[in-house]
Amino acid sequence: MGQDQTKQQIEKGLKLYQSNDTEKALYVWMKVLRKTSDPGGKFRVLGCLITAHSEMGKYKEMLQYSLAQINTAREMEDPDYLTEGYLNLARSNEKLCEFQKTVSYCETCLNMQGTTVSLQLNGQVCLSMGNAYLGLSVFQKALVSYEKALRYAHNNDDKMLECRVCCSLGNFYIQLKDYEKALFFPCKAAELVNDYGKGWSLKYRAMSQYHMSVAYKKLMRLADAMECCEESMKIALQHGDRPLQALCLLNFADIHRCQKDVDKAFPRYESSMCIISEIGNRLGQASIYVGVGKCWILQKEYDKALDSLQRAHDLAEAIGNKLCILKVHSLCEGIYRCKEQQDELREQVVKFLQCVEELELYCGMCGESIGERNQQLQALPCSHIFHLKCLQTNGTKGCPKCHRSSVKLGFV
C-alpha cells in the first residue's frame, strides 16, 4: 500500500470513527498498519490507534502502539515525529498512573531540538506533565506546568488546549479545596466549548460538564452536580468513552453519599470499580475505596471502613499520590477516635502530620494548613500558593517562600 492509498484509508477510518463506528474504523486502520509501505503513513495510523484506544480506556494497548510509534519515528530519524511519539508515550503512562515515567518522557519531549511543528506540541507536553505532578501531589510543579501550558495555548490561539488545561486546573483546585476556583475553570472550559467548539468532538463538552459536576458536589449544590454529571454521562455513553463513564459513576456515587443515601452509592461505586479496574486507573480505584470507606463510616461499620481505607492507602502508596495517603490517615484518625483506641489514634496523627510536612500544605504567611477546608487560594507568579485573605491582609513585596520579588498575582 503506497502513500496515497495509505492517506485515503486513514481518512476513511477517521470518518468512520467520527460517526461512532469505532469497530469498522479500527479494522480499516489495522489493515493499513499491516499493508502500508509508507513510514509517515504508518506513524499517522499508529497515532489514530493511540487516540482510539485512549478513549476506549484500553491503556495497555495504547502504550504498545505508542512504543511502535516511537520505533517508527526513530527509523525515520525525524525530530518532529520523535517529539510526538514521546508525547504519546508520556500520555500512555499518565493514563496508567505511571507518573514518574510520564514526567521523564515529557522532559525528553521538551529537550528535543525539533522544528516549529514539534514546538507547537509543547503546550500538550506541559499539560501532561502537570497532570503527572498532580498525580504525585507535587502541587507547585503541577501549577508551573499548567501555567506554561496555558501560555502556549494563548500564544498559539489553541482553544482546545486551553479547554483541557482549564479542566485540569479545576481538578487541581478540587485537590486543594478552593472550590470557587475549582468551579471557575471548568465553567471557563464550558464557555470555550460554546464559543469555539462547533466542530470539536463532544468529549470536550463532556469533560467540562464532569469537572463542573465535581465542583458543584463539593459546594453541596447537589442538584446542579447531578445535572452536569448526567449530561457528561450521556455523551460518554454515546461515544463509548469508558474512562469518563467510570468517573461519572464514581461522581454519582459520591453525590448519593453526600445525600447520605448509601444504598444508592454502593452499587455505583461497584459499577465504577468494574470499569476502572479493567482500564488500569489505580488512582481512580483509590478514590473509590476512599468513597466506600466514607459510606461505611456513615453506617458506623468502622472495621469495614478501615479495610477499604487500607486498600486505598496501598494503591496511593504504589503510585506515589501523597494527598490520598493524607486523606486516609485523616479518616482513620477519626475512626480510632470514635473507637477510643488511643495508640492507633496517636499513630495516625503522627502519620498525618508527616504527610502535611512532606506536601508543604501550609500557607507561608499564616502557617495554617491549605487543603483542610474550603478556602480561597491565590498563586504568585512563582507558583507558590497562599490563602487569598493573607495576601490581601498582609500584602507582599515578594514571595515569602522563595523571596522572588513580585506583587503581581498570577492568573491561576
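When reading the values below, keep in mind they use all heavy atoms of this one structure, side chains included, and skip hydrogens, waters and symmetry mates.
For the pair Leu136/Lys322, no side-chain contact is recorded, criterion being any heavy-atom separation below 4.5 Å from C-beta on. Looking at heavy atoms from C-beta onward, Leu353 lies out of side-chain contact with His329 at the 4.5 angstrom threshold. Taking the side chain as every heavy atom from C-beta outward, Leu46 and Ser66 never approach each other to under 4.5 Å. Looking at heavy atoms from C-beta onward, Lys260 lies in side-chain contact with Leu298 at the 4.5 angstrom threshold. For the pair Val28 and Lys24, the minimum side-chain heavy-atom distance is 4.5 Å or more. Side-chain contact between Cys338 and Tyr302: present, with at least one pair of heavy atoms (C-beta onward) separated by less than 4.5 Å. Put simply, the side chain of Lys188 reaches to within 4.5 Å of the side chain of Glu162, judged on heavy atoms. Side-chain contact between Val103 and Phe99: absent, with no pair of heavy atoms (C-beta onward) separated by less than 4.5 Å.
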Verdict with supporting geometry, Tyr59 and His53, ring pair (Phe, Tyr, Trp, His ring centres under 6.0 Å): CA-CA 7 Å; Tyr59 297 144; His53 284 84; over 10 Å; no

Determine, step by step, whether Met226 and His256 satisfy the side-chain contact (heavy atoms from CB on, under 4.5 Å) criterion, reporting the C-alpha distance in whole Å, the side-chain angles of both residues, the deciding distance to 0.1 Å, and the verdict. CA-CA 9 Å; Met226 189 64 82; His256 290 306; 3.8 Å; yes

Kindly determine whether Lys148 and Val144 satisfy side-chain contact (heavy atoms from CB on, under 4.5 Å), including the steps that lead there. CA-CA 6 Å; Lys148 285 180 180 176; Val144 168; 3.9 Å; yes

Apply side-chain contact (heavy atoms from CB on, under 4.5 Å) to residues Glu230 and Phe252 and explain how you reach the verdict. CA-CA 9 Å; Glu230 284 170 352; Phe252 282 135; 3.9 Å; yes

Could you walk me through whether Arg44 and Glu11 satisfy the salt bridge (charged side-chain N to carboxylate O under 4.0 Å, His left out) test, starting with their C-alpha distance in whole Å, then the side-chain angles of each, then the deciding distance to 0.1 Å, before giving a yes or no? CA-CA 11 Å; Arg44 191 172 173 222; Glu11 291 300 325; 2.7 Å; yes

Before giving the answer on side-chain contact (heavy atoms from CB on, under 4.5 Å), spell out for Leu33 and Tyr65 the whole-Å C-alpha distance, their side-chain angles and the decisive distance to 0.1 Å. CA-CA 11 Å; Leu33 188 61; Tyr65 288 124; 4.2 Å; yes

Would you mind writing out the side-chain donor-acceptor pairs for residues 274-281 within the sub-3.5 Å range, not counting sequence neighbours?
{"unit_1": "Ser277", "atom_1": "OG", "unit_2": "Met273", "atom_2": "O", "d": "2.8"}
{"unit_1": "Ser277", "atom_1": "OG", "unit_2": "Gln285", "atom_2": "NE2", "d": "3.4"}
{"unit_1": "Glu278", "atom_1": "OE1", "unit_2": "Arg242", "atom_2": "NH2", "d": "2.8"}
{"unit_1": "Asn281", "atom_1": "OD1", "unit_2": "Leu283", "atom_2": "N", "d": "3.3"}
{"unit_1": "Asn281", "atom_1": "OD1", "unit_2": "Gly284", "atom_2": "N", "d": "2.8"}

Which atom pairs, one a donor and one an acceptor, fall under 3.5 Å between side chains of residues 306-321 and the rest of the protein, sequence neighbours left out?
{"unit_1": "Asp307", "atom_1": "OD2", "unit_2": "Arg311", "atom_2": "NE", "d": "3.3"}
{"unit_1": "Ser308", "atom_1": "OG", "unit_2": "Tyr289", "atom_2": "O", "d": "2.7"}
{"unit_1": "Gln310", "atom_1": "NE2", "unit_2": "Asp314", "atom_2": "OD1", "d": "2.9"}
{"unit_1": "Asn321", "atom_1": "OD1", "unit_2": "Cys324", "atom_2": "N", "d": "2.8"}
{"unit_1": "Asn321", "atom_1": "ND2", "unit_2": "Gly135", "atom_2": "O", "d": "2.8"}

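The CD atom of Glu357 lies 12.0 Å from the CZ atom of Phe352; values are rounded to the nearest 0.5 Å. Taking SG of Cys109 as the reference point, atom CD of Gln124 lies at 10.0 Å (rounded to 0.5 Å). The SG atom of Cys167 lies 10.5 Å from the OH atom of Tyr210; values are rounded to the nearest 0.5 Å. Note: Cys166 SG to Met207 CE = 9.5 Å, rounded to the nearest 0.5 Å. With rounding to the nearest 0.5 angstrom, the CE atom of Met62 is 11.5 Å from the CG atom of Leu49. Between the CD atom in Glu23 and the CG atom in Leu16 there is a gap of 11.5 Å [rounded to 0.5 Å].
Exactly one of Glu94, Lys95, Arg91 qualifies for a side chain to side chain donor-acceptor pair (under 3.5 Å) with Ser128. That residue is Glu94. With Cys106 as the fixed residue, the side-chain contact (heavy atoms from CB on, under 4.5 Å) test singles out one of Val125, Asn131, Asn111, Asn122: Val125.
At least one donor-acceptor pair under 3.5 Å links the side chain of Ser272 to the backbone N or O of Ala246. Put simply, the side chain of Asn251 never gets that close to the backbone of Leu247: no donor and acceptor are under 3.5 Å apart. The main-chain N or O of Lys141 is found under 3.5 Å from a side-chain atom of Ser145 such that the two form a donor-acceptor pair. Side-chain atoms of Ser104 never come within 3.5 Å of backbone atoms of Gln100 as a donor-acceptor pair (strictly under, hydrogens ignored). In this structure, Ser19 contributes its side chain and Lys15 its backbone to a donor-acceptor pair below 3.5 Å. A donor-acceptor pair is defined here as one N or O able to donate and one able to accept, closer than 3.5 Å; no such pair exists between the side chain of Asp21 and the backbone of Tyr17. Looking only at distances, a side-chain donor or acceptor of Arg268 sits under 3.5 Å from a matching main-chain atom of Lys264. In this structure, the side chain of Ser137 engages the main chain of Leu323 through a donor-acceptor pair within 3.5 Å. When atom types are taken as modelled, the side chain of Trp296 and the backbone of Asp303 share no donor-acceptor pair closer than 3.5 angstrom. For Asn93 (side chain) and Leu89 (main-chain N/O), a donor-acceptor pair under 3.5 Å exists by modelled atom type.
Annotation for Met212 and Ala190: closest pair SD-CB, 3.9 Å, computed over non-hydrogen atoms. Of all heavy-atom pairs between Tyr86 and Ile70, the closest is N-CD1, 3.4 Å. Residue Arg221 comes nearest to Leu183 through the heavy atom pair NH1-CD2, 4.1 Å, listed as atom of the first residue, atom of the second, then distance. Closest approach of Glu107 and Tyr133 over heavy atoms only: OE2-OH, 4.1 Å. Nearest heavy atoms, Cys295 versus Tyr269: SG-CE1, 3.7 Å. Heavy-atom minimum distance, Gly13 versus Ala25: O-CB, 3.3 Å.
Counting non-hydrogen atoms of other residues, nucleotides and ligands closer than 6.0 Å to OH of Tyr196 gives a total of 12 or fewer. Heavy atoms of other residues, nucleotides or ligands lying less than 6.0 angstrom from NZ of Lys12 number 12 at most. Heavy atoms from other residues, nucleotides or ligands lying under 6.0 Å from CD of Gln299 number more than 12. Within a 6.0 Å sphere centred on CD of Glu61, heavy atoms belonging to other residues, nucleotides or ligands number more than 12. Crowding of Glu358 atom CD: a count of heavy atoms from other residues, nucleotides or ligands under 6.0 Å exceeding 12. Open room surrounds CG on Asp4; 12 or fewer heavy atoms of other groups in view lie less than 6.0 Å from it.
For Asp254, the salt bridge (charged side-chain N to carboxylate O under 4.0 Å, His left out) test picks out Lys217, Arg257, with sequence neighbours left out.
Taking the charged nitrogens against the carboxylate oxygens, Lys218 and Glu180 have no contact shorter than 4.0 Å, which rules out a salt bridge.
For the residue pair Asn171/Gln175, the side-chain donor-acceptor check at 3.5 Å is satisfied.
Using cut-offs of 30° and 60° on the angle between ring planes, the pair Phe139 and Phe172 is perpendicular.
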